[in-house]
Amino acid sequence: MNYEEAKTKFISTWGSLGTLWGINKAMAQIQALLFISTKPLSMEEIMEELQISRGNTSMNLRQLMDWGIVTKELIPGERKEYFTTEKDVQELARIVAKERSRREIKPVIKVLNEVSSIEDDGTEKTKELIKQTKALHDLTETADAMINKLVNQQQNWITKSLLKLFT
């Protein structure tokens with residue numbers, strides 16, 4: 001496999017995996033392209049490389065910047081905007097985990113707290129709803145706390161901890 005084939009395969013595979021992060025395929029492909037790029041890329045370079053429209057590229061770059069994964073980089077003497085991504089894999093994982101917690105887990109915790117805090121009218125079905133949603137709330141809150149503790153630790157701590165689990 002030559003460089004172009006490997007690059008295309010990586011970008012395509014990363015794009016398919018994007019849904020596991022909670023992002024769309026084009027967004028993941030843009031991040032993958034920036035991840036393996038040796039220099040910041042302009043929107044036009046991204047569009048050309050991935051064969052996607054300006055609107056799609058612009059929208060997904062904005063979302064990647066909202067996630068904190070992609071940043072604009074100023075190049076002296078250039079009028080175009082250039083983009084780059086976090087290159088450290090562990091830092092990238094920390095950013096994604098933190099953002100997923102903020103966007104997905106925290107809202108679920110809030111809803112579970114509201115639902116499990118309803119007034120107990122004494123019926124069996126209400127008691128069961130309170131019991132099960134409270135248990136789910138507690139489990140989700142504990143998992144979120146563990147994720148937050150993990151992502152707020154030193155990067156090397158993550159690697160060392162994972163290696164200890166598998167050795």
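FYI, side chains are in, hydrogens and waters are out, and symmetry mates aren't considered; it's all heavy atoms of this structure.
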Would L61 and V70 satisfy side-chain contact (heavy atoms from CB on, under 4.5 Å), going step by step from the backbone distance to the final call? CA-CA 7 Å; L61 281 169; V70 167; 4.2 Å; yes
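Considering CD1 of I105 and CG of D144, their distance stands at 5.0 Å, rounded to 0.5 Å.
Across every non-hydrogen atom of M47 and R54, the tightest pair is SD-CA, 3.5 Å.
Residues that satisfy the salt bridge (charged side-chain N to carboxylate O under 4.0 Å, His left out) test with E124, not counting sequence neighbours, are absent from this structure. With sequence neighbours left out, the salt bridge (charged side-chain N to carboxylate O under 4.0 Å, His left out) criterion links R62 to no other residue. Residues passing the ring pair (Phe, Tyr, Trp, His ring centres under 6.0 Å) test with W67: none are found, sequence neighbours excluded. Under the side chain to side chain donor-acceptor pair (under 3.5 Å) criterion, E114 pairs with no residue, sequence neighbours left out.
Between the side chain of T8 and the backbone N or O of E4 there is at least one donor-acceptor pair closer than 3.5 Å. Distance alone, capped at 3.5 Å, places no donor-acceptor pair between the E78 side chain and the K80 backbone.
The list of side chain to side chain donor-acceptor pair (under 3.5 Å) pairs with a residue in residues 31-40, not counting sequence neighbours, reads W14-Q31, Q31-T85, K39-E45.
The other residues sharing a hydrophobic cluster with I130 are V111, V115, I118, L129, where clustering joins ILVMFWY side chains under 4.5 Å apart.
In the displayed structure, E119 atom CD is contacted under 6.0 Å by at most 12 heavy atoms of other residues, nucleotides or ligands.
Contact check on E128 versus K125 returns no salt bridge, with no Lys/Arg side-chain nitrogen under 4.0 Å from an Asp/Glu carboxylate oxygen.
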